[in-house]
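To start, the structure itself, in structure tokens.
The sequence lines fix the lettering, A, B, ..., with proteins before strands; numbering per chain opens at 1. Computed over heavy atoms, backbone and side chain alike; hydrogens, waters and symmetry mates excluded.
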There are 2 protein chains.
Amino acid sequence: MYANEFDATMQMIRGKWKILILYALDEDDHRRFNDLQRTLKPVTHKILAEQLQQLLDDGLITRQDFDENPPHVEYHLTPMGQSLVPLLDAICDWGVAHVAPDKMVKLLCDE
Amino acid sequence: MYANEFDATMQMIRGKWKILILYALDEDDHRRFNDLQRTLKPVTHKILAEQLQQLLDDGLITRQDFDENPPHVEYHLTPMGQSLVPLLDAICDWGVAHVAPDKMVKLLCDE
DNA sequence: CTGTATCCTGATAGATACTG
DNA sequence: CAGTATCTATCAGGATACAG
């Protein structure tokens with residue numbers, strides 16, 4: 001249960017790594033667990049698994065298990081997750097436009 | 001120091017009441033402290049003061065002290081704060097479009 | 001009316017180790 | 001490779017009381 005529309009949207013992208021996960025999946029939509037962990041770098045194994053689970057619960061991503069050994073799992077954006085991409089772009093753009101570059105460790109989105 | 005553009009933007013609007021404060025100021029740009037507290041309702045006196053201070057620090061709002069007794073203070077959006085409004089609209093719109101209405105206690109933004 | 005200080009709680013994130 | 005469990009640290013939010 002969400003307090004309102006703002007709250008509903010924010011709950012989905014609030015987690016420290018969620019936007020970065022969604023952004024990574026938008027760039028390249030067949031990521032494996034380790035692949036994501038390497039990309040996001042200082043993220044912890046446990047935290048990544050946790051945030052992926054929440055994104056799954058919220059219906060923003062899907063999990064594809066290849067049933068191999070060693071395990072092979074890929075994550076993808078759902079249509080709902082894809083619909084969030086323009087919003088992520090807007091968040092990125094605002095940051096680029098209104099926050100001094102030297103206050104950011106690095107830039108992620110292009111343009 | 002922010003990790004990246006997403007992080008920079010999110011820091012500013014992450015607080016539980018920040019979006020609602022900005023949204024309230026956008027609707028009516030001469031709000032007093034008590035006025036805001038009544039509008040946001042279950043927000044605590046202390047928390048409201050805290051989030052206002054952070055918005056001030058981030059340059060999104062200004063504080064106008066009328067130096068009266070009893071105290072009279074009004075808050076306004078800065079140009080930077082105003083530039084955030086379209087993003088808030090986008091957040092609102094996405095919530096309305098992608099989250100079931102019966103999962104929200106109430107709707108705030110129009111349309 | 002506005003603002004601050006103290007104390008408490010739950011949520012969030014991280015370090016680490018273990019499982020199949 | 002992917003996932004889970006335990007433990008710990010930190011922070012955000014809130015209840016309450018007090019001050020100018």
Side-chain angles (χ1 to χ4, degrees), chain A residues 1-4 6-8 10-22 24-25 28 30-58 60-76 105, chain B residues 1-4 6-7 9-22 24-25 28 30-58 60-76 105:
Chain A
M1 207 58 145
Y2 309 107
N4 51 63
F6 296 114
D7 184 42
M10 290 299 284
Q11 288 290 341
M12 312 240 180
I13 60 175
R14 218 171 203 226
K16 183 164 174 183
W17 304 97
K18 285 188 185 176
I19 291 184
L20 299 181
I21 294 170
L22 295 170
L25 290 180
D28 179 3
H30 52 94
R31 299 259 191 181
R32 303 181 57 165
F33 188 95
N34 262 357
D35 189 9
L36 282 169
Q37 185 168 11
R38 260 189 308 273
T39 303
L40 307 192
K41 204 46 183 183
V43 71
T44 287
H45 186 99
K46 180 214 162 198
I47 298 299
L48 178 57
E50 221 170 78
Q51 308 239 329
L52 283 170
Q53 187 55 56
Q54 290 172 19
L55 292 172
L56 282 166
D57 293 344
D58 286 336
L60 298 177
I61 63 174
T62 53
R63 178 180 180 279
Q64 181 183 14
D65 192 335
F66 287 78
D67 274 316
E68 295 175 0
N69 208 310
H72 179 175
V73 174
E74 292 187 4
Y75 291 92
H76 314 271
V105 176
Chain B
M1 207 57 144
Y2 309 108
N4 50 65
F6 296 114
D7 184 42
T9 307
M10 290 299 285
Q11 289 289 341
M12 312 239 180
I13 60 175
R14 216 169 205 232
K16 182 165 174 183
W17 303 96
K18 285 188 183 174
I19 291 185
L20 299 181
I21 294 170
L22 295 170
L25 290 179
D28 178 3
H30 52 93
R31 299 258 190 181
R32 303 182 58 167
F33 189 95
N34 262 358
D35 189 9
L36 281 169
Q37 186 168 10
R38 261 190 307 272
T39 303
L40 307 192
K41 205 46 183 179
V43 71
T44 288
H45 186 100
K46 180 213 163 200
I47 299 299
L48 178 56
E50 220 170 80
Q51 307 240 329
L52 283 170
Q53 186 55 56
Q54 290 173 19
L55 292 171
L56 282 166
D57 292 344
D58 286 336
L60 298 176
I61 63 174
T62 54
R63 178 181 181 279
Q64 181 182 12
D65 193 335
F66 286 79
D67 273 317
E68 294 174 3
N69 208 311
H72 178 175
V73 174
E74 293 187 3
Y75 292 92
H76 313 271
V105 176

Report task. Using a 4.0 Å heavy-atom cut-off, write out nucleotides 7-20 of chain C from 5' to 3' as B (base contacted by protein), S (sugar-phosphate only) or - (no contact). Result -> ------BBBB---B

Could you tell me how far apart [X] ([atom1]) and [N] ([atom2]) are, to the nearest whole angstrom?
{"X": "Asn69(B)", "N": "dC1(C)", "atom1": "CG", "atom2": "C1'", "answer": "9 Å"}
{"X": "Gln37(B)", "N": "dC1(C)", "atom1": "CD", "atom2": "P", "answer": "10 Å"}
{"X": "Ile19(B)", "N": "dG13(D)", "atom1": "CD1", "atom2": "P", "answer": "12 Å"}
{"X": "Lys18(B)", "N": "dC11(D)", "atom1": "NZ", "atom2": "P", "answer": "15 Å"}
{"X": "His72(B)", "N": "dT2(C)", "atom1": "NE2", "atom2": "C1'", "answer": "11 Å"}
{"X": "Gln64(A)", "N": "dC1(D)", "atom1": "CD", "atom2": "C1'", "answer": "15 Å"}
{"X": "Gln53(B)", "N": "dA5(C)", "atom1": "CD", "atom2": "C1'", "answer": "15 Å"}
{"X": "Met10(B)", "N": "dC11(D)", "atom1": "CE", "atom2": "C1'", "answer": "16 Å"}

Report task. For Tyr75(A), report the nucleic acid contact type (base, sugar-phosphate, nothing); a contact means any heavy atom under 4.0 Å. Result ->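 Result for Tyr75(A) = sugar-phosphate.
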
Report task. Give me the one residue out of Ile61(B), Leu25(B), Ile13(B) that meets side-chain contact (heavy atoms from CB on, under 4.5 Å) with Leu55(B). Result ->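 Going through Ile61(B), Leu25(B), Ile13(B) one by one, the side-chain contact (heavy atoms from CB on, under 4.5 Å) with Leu55(B) is satisfied by Ile61(B) alone.
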
**Report entry** Residues Gln54(B) and Asp58(B): side-chain donor-acceptor under 3.5 angstrom
**Finding:**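 Side chains of Gln54(B) and Asp58(B): no pair found under 3.5 Å.
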
Query raised in the report: Just how far is it from atom NZ of Lys46(B) to atom CG of Leu48(B), taken to the nearest 0.5 Å?
Result: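 Result: 12.0 Å between the selected atoms.
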
Report task. Look up atom CG in Leu52(B) and atom CD1 in Ile21(B), then write down how far apart they are to the nearest 0.5 Å. Result ->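 Leu52(B) atom CG to Ile21(B) atom CD1 measures 4.5 Å (nearest 0.5 Å).
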
Query raised in the report: Side-chain N or O of Arg63(B) less than 4.0 angstrom from OP1 or OP2 on dG3(C)?
Result: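 True: Arg63(B) side-chain N/O within range (under 4.0 Å) of dG3(C) OP1/OP2.
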
Query raised in the report: dC1(C) phosphate, OP1 or OP2: any side-chain N/O from Arg32(B) under 4.0 angstrom?
Result: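 No, Arg32(B) has no side-chain N/O under 4.0 Å of OP1/OP2 on dC1(C).
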
Query raised in the report: Are the side chains of Phe6(A) and Leu20(B) in touch, meaning some heavy atoms are under 4.5 Å apart?
Result: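 Contact flag for Phe6(A)/Leu20(B) side chains = yes.
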
Query raised in the report: Is a side-chain N or O of Gln51(A) found less than 3.5 angstrom from the main chain of Lys18(A), in a donor-acceptor match?
Result: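 Judged by distance alone, yes, a pair lies under 3.5 Å.
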
Report task. Look at the rings of Tyr75(B) and Phe33(B) and say which category their plane angle falls in: under 30° parallel, 30 to 60° tilted, over 60° perpendicular. Result ->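 Aromatic pair Tyr75(B)/Phe33(B) classed tilted.
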
